[in-house]
Trainee: 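Here it is, the structure in full.
Naming: A, B, ... by sequence-line order, numbering from 1 per chain. These numbers were taken from a predicted model, which means no experiment stands behind them.
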There are 2 protein chains.
Amino acid sequence: MATPDTRTQILDAAEQLFAEHGYSGTSIRAITKLAGANLAAVGYHFGSKADLMGAVARRATEPINAAQCAGLDTLLARTPDPTVGELVEAFAGPLFDALPGGDEGGARRSRLIVMILSDPAEAARGWTGPAEDTVRDRYFAAFARALPGLSPQELWFRMRGILAVTSVDRLQVHQHPTPGCDSPTPGEAARHWALTFLTAAVSAPPTRP
Amino acid sequence: MATPDTRTQILDAAEQLFAEHGYSGTSIRAITKLAGANLAAVGYHFGSKADLMGAVARRATEPINAAQCAGLDTLLARTPDPTVGELVEAFAGPLFDALPGGDEGGARRSRLIVMILSDPAEAARGWTGPAEDTVRDRYFAAFARALPGLSPQELWFRMRGILAVTSVDRLQVHQHPTPGCDSPTPGEAARHWALTFLTAAVSAPPTRP
DNA sequence: GTATGATTCAAGCGAACGTATGAAACGAAC
DNA sequence: GTTCGTTTCATACGTTCGCTTGAATCATAC
């Protein structure tokens, strides 16, 4: 086994517990206990519970953001006018890929993203940095080129829809065990279903006012 | 003014605070203080904090469920085979209509729904009763008739997508004030955008395996 | 070996938490 | 006016919270 490294063990434990019980619902005592570390280790390594949450959020969202950015770069390097489907895949794909664990670590990371996006704790402000806004703006511009007739407001709505579908999906799979189909949605199928669903949605003609 | 009625004042205050800060992030002390009631009133009227949350959730979701059910009834009374667009509107519409307050009460109710759907507190299990499952099953059957080629799993995925989009929308409008378009999304426009978005998404051809 | 900086530890602080309790205040019936 | 069931009240209990502290432990360099 590699170095236990208290700091990252705390990060791992915090990621899991924050994802499962939310920010307010997780105590640093529970985190340090799961991590096998001392209670004071959080204060020593991160400063406070809120700062720990920030570190967890940064570690989880940074690779996703980087992948989204890189995907758009390669897309734009090939053609100045990617299709809506390509943009949707480049934007939403990393939200599925960031969960390589398949089952355990995957669902946990996904859950954490939802929690970051939806947790009402005041500390949630500032969990996502300006990098997220930058990549979102770039995708917005690319989508606007691919969907000329759409008003900026409706385009923002559709981009929020992408985030909503990708992030909430697995969450509800876990919560409501899907009456009617017993096995949880396999990750690969969900990815394809989401891209079909979202490409059709984003490509819809503008709403007539 | 009508009767203050401690019990409903507690329900109102709890709805607001649960929506703003989540379940774990809200103390019954804050609720009773906002309601102008005594701390022990929660225990007397509802039994416990978890039971209070259940009452809040029930009061918020029941009219939505009833409207969804009634909408499907009138639709099926007219024709045995409604279109996807009609089904989407009957299913998703009440999630927008349940917020008649326009601004304050509306966004709050919407926020509460999101919180109910996504709060990771263990107490969240059981907040929604079997009535929700029943109406979902009925819509599932209707959608299955309108979308013959779709596998049950993918159809469940798309119905989860409807819930995701409708519930997460206003949430993120409030959190990230939509860089680029300053005014928050007006409710009526969001409703139409959502129906356009979702009808196109649900109507998409089945994902090729 | 010993000094030094980094890390971990047990213990405790004050505050806030959910809940319980028994006494006061209230309104309607007699 | 007295009684009785309902509702409100002040208060307290035991627990857990986030955070701090000072001593103990460790690794490394001299």
Side-chain angles (χ1 to χ4, degrees), chain A residues 1-59 115-116 119-127, chain B residues 1-59 115-116 119-127:
Chain A
M1 273 300 154
T3 35
D5 191 344
T6 302
R7 195 188 136 95
T8 61
Q9 275 186 251
I10 290 178
L11 274 175
D12 290 339
E15 175 173 308
Q16 172 177 342
L17 293 179
F18 280 145
E20 286 175 4
H21 307 112
Y23 179 75
S24 301
T26 303
S27 68
I28 63 174
R29 281 175 167 85
I31 294 172
T32 52
K33 181 178 180 182
L34 178 63
N38 187 271
L39 171 62
V42 166
Y44 176 75
H45 285 286
F46 301 95
S48 70
K49 182 186 175 182
D51 291 329
L52 169 60
M53 179 70 236
V56 170
R58 229 173 298 120
R59 192 181 67 156
M115 181 267 187
I116 291 173
D119 196 288
E122 326 81 47
R125 284 349 120 232
W127 285 349
Chain B
M1 274 298 154
T3 35
D5 192 343
T6 302
R7 194 189 139 93
T8 61
Q9 276 187 249
I10 290 179
L11 274 174
D12 290 339
E15 175 174 309
Q16 171 177 344
L17 292 179
F18 281 144
E20 286 175 4
H21 308 113
Y23 179 74
S24 301
T26 303
S27 68
I28 64 174
R29 281 176 167 83
I31 293 171
T32 51
K33 181 176 179 181
L34 178 63
N38 186 272
L39 172 62
V42 166
Y44 175 76
H45 285 286
F46 301 94
S48 70
K49 181 186 177 182
D51 292 328
L52 169 60
M53 179 69 235
V56 170
R58 229 173 298 121
R59 192 181 66 157
M115 181 270 188
I116 291 173
D119 196 288
E122 326 80 47
R125 280 358 113 225
W127 284 350

Trainee: To the nearest Å, give me how far apart NZ (Lys49(B)) and C1' (dT16(D)) are.
Mentor: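 One finds 13 Å between C1' of dT16(D) and NZ of Lys49(B), rounded.
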Trainee: Which heavy-atom pair separates Arg7(A) from His45(A) by the least distance, and what is that distance?
Mentor: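 Taking Arg7(A) first and His45(A) second, the nearest heavy atoms are NH1-O, 3.5 Å.
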Trainee: Strictly distance-based, threshold 3.5 Å: is any side-chain N or O of Lys49(A) a donor or acceptor partner for the main-chain N or O of Tyr23(A)?
Mentor: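 A pair under 3.5 Å: yes.
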Trainee: Tell me the closest heavy-atom pair linking Ala40(A) and Asn38(A), and the distance in Å.
Mentor: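 Closest heavy-atom pair between Ala40(A) and Asn38(A): N-OD1, 2.9 Å.
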Trainee: Can any side-chain N or O of Gln9(A) pair as donor or acceptor with the backbone N or O of Ala35(A) at less than 3.5 Å?
Mentor: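 At least one qualifying donor-acceptor pair exists.
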Trainee: Out of curiosity, Leu52(A) CG to Ile10(A) CD1, how far, rounded to the nearest 0.5 Å?
Mentor: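 Reported to 0.5 Å precision, the distance equals 7.5 Å.
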Trainee: Which of residues 26-35 of chain B have a heavy atom under 4.0 Å from DNA chain C?
Mentor: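 DNA chain C contact set from residues 26-35 of chain B: Thr26(B), Ser27(B), Ile28(B), Arg29(B).
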Trainee: Do you know which two heavy atoms are closest between Leu39(A) and Arg29(A), and how far apart they sit?
Mentor: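 Smallest heavy-atom distance, with atoms named: CD1-CG, 3.6 Å.
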Trainee: Check nucleotides 5-8 of chain D for protein N or O atoms closer than 3.5 Å to its own N or O atoms and list the pairs.
Mentor:
residue, atom, partner, partner atom, Å
dT7(D), OP2, Tyr44(B), OH, 2.7
dT7(D), O5', Tyr44(B), OH, 3.4
dT8(D), OP1, Thr6(B), OG1, 2.3
dT8(D), OP2, His45(B), NE2, 2.7

Trainee: Going 5' to 3' along DNA chain C, between which two nucleotides do contacts with chain B fall, using a heavy-atom cut-off of 4.0 Å?
Mentor: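 That gives a stretch of dC17(C) to dT21(C).
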Trainee: Which heavy atom of Phe46(A) sits nearest to which heavy atom of Asp51(A), and what is that distance?
Mentor: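 Scanning both residues completely, I find the closest heavy atoms to be O-CB, 3.1 Å.
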Trainee: Might you point out which heavy atoms bring Thr26(A) and Leu17(A) nearest each other, and give the distance in Å?
Mentor: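 Nearest pair, atom of Thr26(A) first, then Leu17(A): OG1-O, 3.1 Å.
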Trainee: Determine the minimum heavy-atom distance between Ala37(B) and Thr6(B), stating which atoms define it.
Mentor: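 Answer, listing the atom of Ala37(B) first, then Thr6(B): CB-CG2, 3.7 Å.
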Trainee: When rounded to the nearest 0.5 angstrom, what distance separates CD1 in Ile31(A) from CZ in Phe18(A)?
Mentor: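 Separation between the atoms: 4.0 Å.
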